[in-house]
Structure formats: structure tokens, C-alpha cells
Colleague: 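Next up is a structure, given as C-alpha cells.
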Amino acid sequence: MSIEPNLFGEACLIRRWGRIGAKGQRREDHFAREEEAVRLFLQILRKRRSRGYRPKPHARQAESADR
């Protein structure tokens with residue numbers, strides 16, 4: 001998930017999902033104010049974490065953990 005501005009100055013919450021190696025899917029929610037996009041972002045994040053989802057580690061963190 002990410003929050004990015006579009007060409008019209010609106011804030012867009014962009015969500016991408018799918019299988020590794022596949023094109024996947026994408027959904028964009030447009031908001032007039034960035035605060036509204038952040039509110040939905042946090043709401044979705046809380047729901048995912050309650051279901052056991054965790055952010056994937058960055059490549060550098062994974063390399064340092066292997067040492």
C-alpha cells in the first residue's frame with residue numbers, strides 16, 4: 001500500500017496484491033484530502049495485522065540477519 005498524489009492534486013491510496021511472478025491486481029482510492037487517505041491506510045493496516053499479516057523485511061535486514 002502507498003499514498004501518492006495524482007495529476008489533479010488528489011491523494012490516492014494505491015493497493016497492489018497478487019501472486020509472486022504474476023501481474024497481480026491494483027486498486028486506487030482517490031481522496032480530496034491526504035488525511036482521509038491516511039485514515040483509510042491505517043484502518044486497512046490494523047485489519048491486516050489483526051489477521052496475522054506482517055510487513056515483508058527489506059533485503060538489507062534479511063542479509064544482516066543471516067550473518
Colleague: Quick one: list whatever passes side chain to side chain donor-acceptor pair (under 3.5 Å) with Arg15, sequence neighbours left out.
Modeller: Asp29

Colleague: Among residues at least two apart in sequence or on other chains, which ones pass side chain to side chain donor-acceptor pair (under 3.5 Å) with Arg26?
Modeller: Glu28

Colleague: Taking side chain to side chain contact (heavy atoms under 4.5 Å, CB included) as the test, write out the residues that go with Phe8, two or more places apart.
Modeller: Asn6

Colleague: Working to the nearest 0.5 Å, report the span between CZ of Arg54 and CZ of Arg49.
Modeller: 6.5 Å

Colleague: List the residues meeting salt bridge (charged side-chain N to carboxylate O under 4.0 Å, His left out) with Arg19, not counting sequence neighbours, and say none if there are none.
Modeller: none

Colleague: Mind listing the side-chain donor-acceptor pairs of residues 30-47 below 3.5 Å, one per line with the distance, residues two or more places apart or on another chain?
Modeller:
residue, atom, partner, partner atom, Å
Arg33, NE, Glu35, OE1, 3.4

Colleague: Check which hydrophobic residues are tied to Ile14 through side-chain heavy-atom contacts below 4.5 Å, counting indirect links as well, and list them.
Modeller: none

